[in-house]
Amino acid sequence: MATVEKIIADAFLEMAQGLESGSFGKKPKIALTGMGSEHGEENAMKAALMAAKRGVDVYYIGSLEAEGVTTVHVADDEEGHKKMEELLDKHEVDGAVTMHYPFPIGVSTVGRVITPAKGKEMFVANTTGTSSGDRIEGMIKNAVYGIITAKACGVKNPTVGILNVDGARQTEMALNQLKEGGYEFEWANSARADGGAVMRGNDVLQGTPDIMVMDSLTGNVMIKMLSSFTTGGSFEATGYGYGPGIGKDYDRLVMIVSRASGAPLIANAIEYAAQLVRGKVFEVAKAEFAKAEKAGFSKILEARKASQKNAAPAEEVKCPPAEPCPAAILGVEVMDLEDAAKALWKAGIYAETGMGCTGPVVLMSDANHDKAVEILKAAGYIG
C-alpha cells in the first residue's frame with residue numbers, strides 16, 4: 001500500500017511541478033559542474049536551485065548540497081569533468097552544463113541571448129568550438145547548426161541573418177545555393193533602410209533575425225558583451241550562455257557557460273538544455289543534415305575548397321584610364337575587393353574600390369554598371 005501511496009504522491013508532485021514550471025512529463029536530467037566559477041561555487045548552486053524550481057532534475061557536481069537538487073560529490077574541477085562525462089556516457093543524465101569543454105573540430109556551440117533594444121531572444125551561431133578550419137565554410141555550417149538549435153527550441157521557421165563580418169557575402173551566396181537546392185529556410189531582412197540578409201550592429205541590438213550567423217571567435221565576443229553589458233563584464237547576467245555543441249553525427253549534449261556567468265544565466269543555460277532534450281535536438285539535427293545534404297550541402301562546401309585550391313596566381317593587370325565613377329556595386333567580400341576591381345580592369349572597365357556605410361563597394365561609370373555586374377557575377381564575386 002505504501003508503494004501505491006508513493007506512486008500517487010509522486011504523480012501529484014509532478015503535476016504540481018508541471019503547473020509551476022509550465023512543463024509536463026518526465027523531467028530532463030541535467031548535470032551542472034559547479035567548481036571553477038569566478039563567483040564561487042555558491043553561485044552555481046544558486047543556479048541549480050533556480051533551474052530545479054522550473055522543472056529540471058538537476059545533478060549538481062561539486063561539494064555543496066541543497067534540498068531540491070542531487071549532489072554528486074567531487075574533490076575538484078578536474079574530477080568534476082570526469083564525473084560529468086561518466087554520467088553522460090552512462091545516460092544517467094540527458095545533458096550537462098559546464099564552464100569549458102574540448103569539442104572536436106566540426107562541432108561548435110549555438111549561443112542564445114536576450115537582445116537589449118527589444119528584449120527579443122536571438123540565437124548566436126556560433127560562440128565556441130570550431131566548425132571548420134576555413135572561416136567561410138565554418139559560417140555556412142554555423143547557419144545550419146543555428147537552424148537545428150532554434151527548431152529544437154520550438155522556433156518552427158527561424159529567420160537567418162549573417163553578421164557583416166569578413167566572409168558574410170560568400171556565406172550568403174553559398175546559403176542561397178543551398179536554398180535553391182531545396183533546403184528551406186527564411187532570410188531575415190535588416191532593420192536598416194537598405195535591408196538585406198547581411199546584418200549590422202543595429203540588428204544585433206534589436207534581434208532582427210532569430211539566428212545571427214558569424215564565425216565563433218566573433219560570436220564569443222558578441223555573446224560576452226550581450227550577456228554582461230549592464231554589469232561591466234565581470235558578471236554575465238542575462239541570456240542563456242554559449243549553448244550546445246552541434247555537429248554532424250555528434251550526439252553529446254554539452255552546454256557551455258563562462259567562469260564569469262552569474263546564477264541567472266547559468267539557470268537559463270540549464271533550462272536551455274532541458275528544452276533541447278524535450279525538443280529532441282539530435283533527432284532534429286539528423287533530419288536537418290539529411291535535408292541539407294539532399295540540397296547539395298557537401299557539394300557546395302567541396303566546390304568552395306576546390307575554388308580556393310585552384311585559384312590562379314595573381315597576374316599583373318593594367319588599370320584603364322580613369323573616369324568618373326558614380327555607380328556602385330555592393331556585396332563584394334572585403335578580402336576580394338581589389339581582385340574584383342582588377343577583374344573589371346581586365347575587361348577594360350575602369351573601377352575603384354571603397355567602403356560605404358553598408359560595407360565594401362566597387363565603383364564604376366553608369367555606362368559600365370550593368371556589364372560590371374555580369375562580370376562580377378560570372379567570376380563569383382557577387383551573387
Side-chain angles (χ1 to χ4, degrees), residues 132-141 143 160-183 187-190 192-200 213-215 295-383:
S132 169
D134 177 82
R135 175 191 183 89
I136 296 164
E137 180 179 327
M139 289 170 66
I140 297 164
K141 288 183 175 181
V160 177
I162 307 168
L163 188 64
N164 192 16
V165 295
D166 290 352
R169 295 294 181 178
Q170 291 181 42
T171 301
E172 182 186 18
M173 284 191 281
L175 290 174
N176 273 329
Q177 285 181 294
L178 195 64
K179 193 174 175 70
E180 288 163 10
Y183 185 69
W187 283 119
N189 194 39
S190 173
R192 295 299 297 271
D194 51 340
V198 175
M199 303 284 113
R200 322 295 200 281
V213 176
M214 62 196 77
D215 62 283
F297 191 49
S298 292
K299 290 179 181 177
I300 291 166
L301 297 180
E302 285 301 319
R304 170 171 166 71
K305 288 177 184 175
S307 67
Q308 285 183 304
K309 190 181 292 184
N310 298 327
E315 61 176 300
E316 198 67 37
V317 179
K318 188 176 179 181
C319 178
E323 60 182 353
C325 294
I329 297 174
L330 303 174
V332 177
E333 197 66 60
V334 66
M335 301 299 287
D336 295 331
L337 202 54
E338 296 301 324
D339 290 338
K342 286 179 180 178
L344 297 180
W345 292 358
K346 193 174 180 180
I349 296 174
Y350 176 74
E352 298 175 357
T353 60
M355 185 65 70
C357 294
T358 59
V361 294
V362 181
L363 305 166
M364 72 292 301
S365 69
D366 287 326
N368 284 324
H369 177 268
D370 292 347
K371 186 179 178 183
V373 168
E374 290 177 13
I375 291 167
L376 295 185
K377 274 188 177 180
Y381 289 112
I382 59 174

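In what follows, residues are counted from 1 in the order of the sequence shown. These values consider heavy atoms only, across backbone and side chains, with no hydrogens, waters or symmetry-generated copies. It should be emphasised that the depicted structure is a prediction, and the values quoted were computed from it without experimental measurement.
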Would you mind reporting whether Val160 and Val213 have side-chain heavy atoms less than 4.5 Å apart? yes

Distance check, rounded to the nearest 0.5 Å: Met139 atom CE versus Arg135 atom CZ? 6.0 Å

From Thr171 atom OG1 to Met214 atom CE, the distance as rounded to the nearest 0.5 Å: 11.5 Å

Can you name the residues that form a side-chain contact (heavy atoms from CB on, under 4.5 Å) with Val317, not counting sequence neighbours? Glu315, Trp345, Lys346

Of all heavy-atom pairs linking Ala295 and Leu178, the shortest is CB-O, 3.6 Å

Grab the two heavy atoms, one from Ala340 and one from Val332, that are nearest each other, plus how far apart they are. CB-CG1, 3.9 Å

Scanning both residues in full, the closest heavy-atom pair of Met364 with Tyr350 reads CB-O, 3.7 Å

Looking at Gly138 and Ser132, what are the two nearest heavy atoms and their distance? N-CB, 3.7 Å

In short, Ile136 meets Gly167 closest at the heavy-atom pair CG1-CA, 3.7 Å

Would you call Lys342-Glu338 a salt bridge at under 4.0 Å N-O? no

The reported gap from CD1 in Ile375 to CD1 in Ile349 (rounded to nearest 0.5 angstrom) is 4.0 Å

Please name all residues satisfying side-chain contact (heavy atoms from CB on, under 4.5 Å) with Glu374, sequence neighbours left out, ordered by chain then number. none

Can you tell if the side chain of Val361 reaches within under 4.5 Å of the side chain of Thr353, non-hydrogen atoms only? no

Does Asp194 come within less than 4.0 Å of Arg200, counting only side-chain N to carboxylate O? yes

Would you mind reporting whether Trp187 and Asn176 have side-chain heavy atoms less than 4.5 Å apart? yes

Can you find a pair of side-chain heavy atoms, one from Leu175 and one from Ile162, that are under 4.5 Å apart? yes

Atom CD of Glu323 and atom CG of Asp366: how far apart are they, to the nearest 0.5 Å? 10.0 Å

Rounded to the nearest 0.5 Å, how far does OH of Tyr381 lie from CG of Leu337? 10.5 Å

Rounded to the nearest 0.5 Å, what separates atom CG in Asn164 from atom CE in Met199? 9.5 Å

Least distance between heavy atoms, Leu344 atom then Ala351 atom: CD1-CB, 3.7 Å

Passes salt bridge (Lys or Arg N to Asp or Glu O under 4.0 Å), Asp336 versus Arg169? Steps please. CA-CA 10 Å; Asp336 295 331; Arg169 295 294 181 178; over 6 Å; no

